[in-house]
Amino acid sequence: MIIKSFNLNTSILTQQKSFYLIYGENQSLIDEIKEKIVREITKKKDFSIKKYYEDFLLNNNIIYQFLNSDNLFGEKELIVIHKTTDKILNLFDENNFKIKDKKIIFISDNLAKKSKIRSLAESSSDFACIACYNDTNEQLQSLLIEKLKYSKINISRELVNLIFEINSLNRQDINDAIN
């Protein structure tokens, strides 16, 4: 199921889905969405977080073991797999895994429309497929204004426009400056 990055309700999403594919060229947005999903999942239940790179799982042929084995301490598991490509589908089939106590986040760079994992994520009801494209200037300005309001800092629209005229800002710059 395709979910728009700007229209994301993580509380509903995490209740309904077991698999998440987050991909695209906007790494800062990917990180934000991943963190929101991780926060939402871990605040509600006893989830332990495990992070891997696809190459490690493929080279050691252990993904099947991770997905089908129970946790020794009875914890539910959130598995984050970075640098995901279509190669993971050689080992991963959503129907072959007992996933009642596991959730999986696949993180990937930009995927072609013909990508097998993207096609699976877009068509499966168990998946949330979230594309993260580069932000436009208008989106970045809105993001800056929203974050400033949240931080209780009032700023005029003219000053925001001036900031963007002088600086070439991206999402990461805005997040870093606000933090």
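The first residue of the sequence shown is numbered 1, and numbering continues consecutively from there. Heavy-atom basis, side chains included; hydrogens, waters and symmetry copies ignored. Computed from a prediction, not measured in an experiment: that's the story for all the values here.
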### salt bridge (charged side-chain N to carboxylate O under 4.0 Å, His left out) partners for Glu122, two or more places apart
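With neighbours one apart ignored, the set is Arg118.
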
#### Entry: With sequence neighbours excluded, residues passing salt bridge (charged side-chain N to carboxylate O under 4.0 Å, His left out) with Glu54
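With sequence neighbours excluded, Glu54 shows a salt bridge (charged side-chain N to carboxylate O under 4.0 Å, His left out) to no residue whatsoever.
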
### Task
Carefully, step by step, assess Asn110 and Tyr23 under the rule side-chain contact (heavy atoms from CB on, under 4.5 Å).
CA-CA 6 Å; Asn110 209 9; Tyr23 72 93; 4.3 Å; yes

### Task
Could you check Ser5 against Tyr133 for side-chain contact (heavy atoms from CB on, under 4.5 Å), going step by step and ending with a plain yes or no?
CA-CA 9 Å; Ser5 61; Tyr133 300 111; over 6 Å; no

Can you confirm whether [X] sits close enough to [Y] that some side-chain heavy atom of one is under 4.5 Å from a side-chain heavy atom of the other?
X: Met1; Y: Gln16; answer: no
X: Lys83; Y: Asp109; answer: yes
X: Val80; Y: Lys34; answer: yes
X: Leu21; Y: Ile130; answer: no
X: Ile79; Y: Ile105; answer: no
X: Ile155; Y: Ile163; answer: yes
X: Phe164; Y: Gln141; answer: yes
X: Ile37; Y: Ile22; answer: yes

### Task
May I have the step-by-step check of side chain to side chain donor-acceptor pair (under 3.5 Å) for Ser18 and Asp126, ending in yes or no?
CA-CA 6 Å; Ser18 297; Asp126 290 331; 5.7 Å; no

Measuring from atom [atom1] of [X] to atom [atom2] of [Y], what distance do you get when rounded to the nearest 0.5 angstrom?
X: Lys17; Y: Ile104; atom1: NZ; atom2: CD1; value: 15.0 Å
X: Leu13; Y: Lys36; atom1: CG; atom2: NZ; value: 11.5 Å
X: Ile145; Y: Leu140; atom1: CD1; atom2: CG; value: 11.0 Å
X: Cys132; Y: Lys4; atom1: SG; atom2: NZ; value: 12.0 Å
X: Asp31; Y: Leu29; atom1: CG; atom2: CG; value: 9.0 Å
X: Ile49; Y: Lys103; atom1: CD1; atom2: NZ; value: 13.5 Å

#### Entry: Same apolar cluster: Leu159 and Ile174, side chain cutoff 4.5 Å
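Cluster IDs for Leu159 and Ile174 match.
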
### Query
In terms of hydrophobic clustering (I, L, V, M, F, W, Y; side-chain heavy atoms under 4.5 Å; direct or indirect links), are Val160 and Ile153 co-clustered?
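Both belong to a single hydrophobic cluster.
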
### Task
Give the C-alpha distance, both sets of side-chain angles, the deciding distance and a yes or no for side chain to side chain donor-acceptor pair (under 3.5 Å) between Asn26 and Ser28.
CA-CA 6 Å; Asn26 191 336; Ser28 296; 4.5 Å; no

### Task
Just do the side-chain contact (heavy atoms from CB on, under 4.5 Å) check on Asn161 and Arg157 with the steps written out, would you?
CA-CA 6 Å; Asn161 290 337; Arg157 188 71 167 165; 4.2 Å; yes

### Task
Report the C-alpha distance between Asn170 and Asp135 in whole Å, list the side-chain angles of each, state the deciding distance to 0.1 Å, and finish with yes or no for side chain to side chain donor-acceptor pair (under 3.5 Å).
CA-CA 8 Å; Asn170 60 36; Asp135 297 307; over 6 Å; no

Can any side-chain N or O of [X] pair as donor or acceptor with the backbone N or O of [Y] at less than 3.5 Å?
X: Ser108; Y: Thr84; answer: yes
X: Ser115; Y: Leu111; answer: no
X: Ser124; Y: Ala121; answer: no

Grab the two heavy atoms, one from [X] and one from [Y], that are nearest each other, plus how far apart they are.
X: Asn175; Y: Glu32; answer: ND2-OE2, 2.6 Å
X: Thr85; Y: Ile117; answer: O-CD1, 4.4 Å
X: Phe127; Y: Tyr20; answer: CD2-N, 4.2 Å

### Query
After noting the C-alpha distance and the side-chain angles of Phe106 and Ile88, does the key distance pass the side-chain contact (heavy atoms from CB on, under 4.5 Å) rule?
CA-CA 10 Å; Phe106 298 95; Ile88 197 88; 4.3 Å; yes

### Message
I'd like to know whether CG of Asn154 has more than 12 heavy-atom contacts from other residues, nucleotides or ligands below 6.0 angstrom.
### Response
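Count not over threshold, so no.
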
### Task
Kindly write out the residues that satisfy ring-ring contact (aromatic ring centres under 6.0 Å, His included) with Tyr53, not counting sequence neighbours, or none if the list is empty.
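Result, ring-ring contact (aromatic ring centres under 6.0 Å, His included) vs Tyr53: His82.
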
